[in-house]
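The structure appears below as structure tokens.
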Amino acid sequence: MFEDRDDMKSGILPVVTTGGWGRTNALPEPGQEVACLFFANGISDGICLGVIDDDEDPPGTADQRGIWFDDGSYVYYDRTNKKLVVKPAGGVLLDGDVSISGKLTVDGDVTLGGNVKVAGNLVVDGGITRGGESL
């Protein structure tokens with residue numbers, strides 16, 4: 001909307017997004033302030049360069065790059081700690097095979113819906129229950 005032109009609106013403009021082998025669907029939301037580049041023939045032809053972030057307190061730190069969602073979820077890489085951090089508001093769904101090379105630490109309960117194969121030693125620091133009966 002052009003405040004200096006009686007709140008006139010431009011036509012639909014293509015939006016510049018990141019290129020390469022991945023695609024994004026991160027388009028501006030209605031009401032967000034954007035920067036546009038118009039061609040010499042007026043405001044009907046041009047491109048939207050992206051959102052002008054007027055947030056004085058952006059999410060994360062200067063060493064974190066990622067995406068923060070309105071519901072509190074986020075995914076970012078912290079280059080200082082060399083960690084990818086994922087915090088979902090509603091859980092994570094991994095659809096496919098998962099391989100982990102390294103140590104897996106779980107702080108909470110684990111529910112398995114299939115068979116378990118242990119290729120090494122099994123160390124139990126607590127009790128073992130089978131069918132409601134302690135072993």
Rounded to the nearest 0.5 Å, what separates atom CG in L13 from atom CG in L37?
10.0 Å
So Y77 and V85, do their side chains get closer than 4.5 Å, heavy atoms only?
no
Contacts of T17 meeting side-chain hydrogen bond (donor to acceptor under 3.5 Å, both in side chains) (sequence neighbours excluded), chain-then-number -> none
Results of side-chain hydrogen bond (donor to acceptor under 3.5 Å, both in side chains) for R79 - residues two or more places apart only
D63
Between V34 and L49, is the side chain to side chain contact (heavy atoms under 4.5 Å, CB included) condition met? List the steps.
CA-CA 7 Å; V34 295; L49 301 174; over 6 Å; no
Can you confirm whether C48 sits close enough to P28 that some side-chain heavy atom of one is under 4.5 Å from a side-chain heavy atom of the other?
yes
Suppose we screen for side-chain hydrogen bond (donor to acceptor under 3.5 Å, both in side chains). Which residues come up paired with N81, at least two apart in sequence or across chains?
D78
Running the 4.5 Å side-chain criterion over Ile, Leu, Val, Met, Phe, Trp and Tyr, what cluster does L27 land in, apart from itself?
V15
Residues joined to L93 in its hydrophobic cluster, side chain to side chain under 4.5 Å directly or through other members, sorted by chain and number, are none
Short question: side chain of E133, backbone of R130 - any donor-acceptor pair under 3.5 Å?
no
Return the set of residues passing side-chain hydrogen bond (donor to acceptor under 3.5 Å, both in side chains) with D71 (not counting sequence neighbours), or none when no residue passes.
S73
So CG of L84 and CZ of R65: to nearest 0.5 Å the spacing works out to 13.5 Å
Determine the interplanar angle of the Y74 and W68 rings, folded into 0 to 90°, and report it as parallel if under 30°, tilted if 30 to 60°, perpendicular if over 60°.
tilted
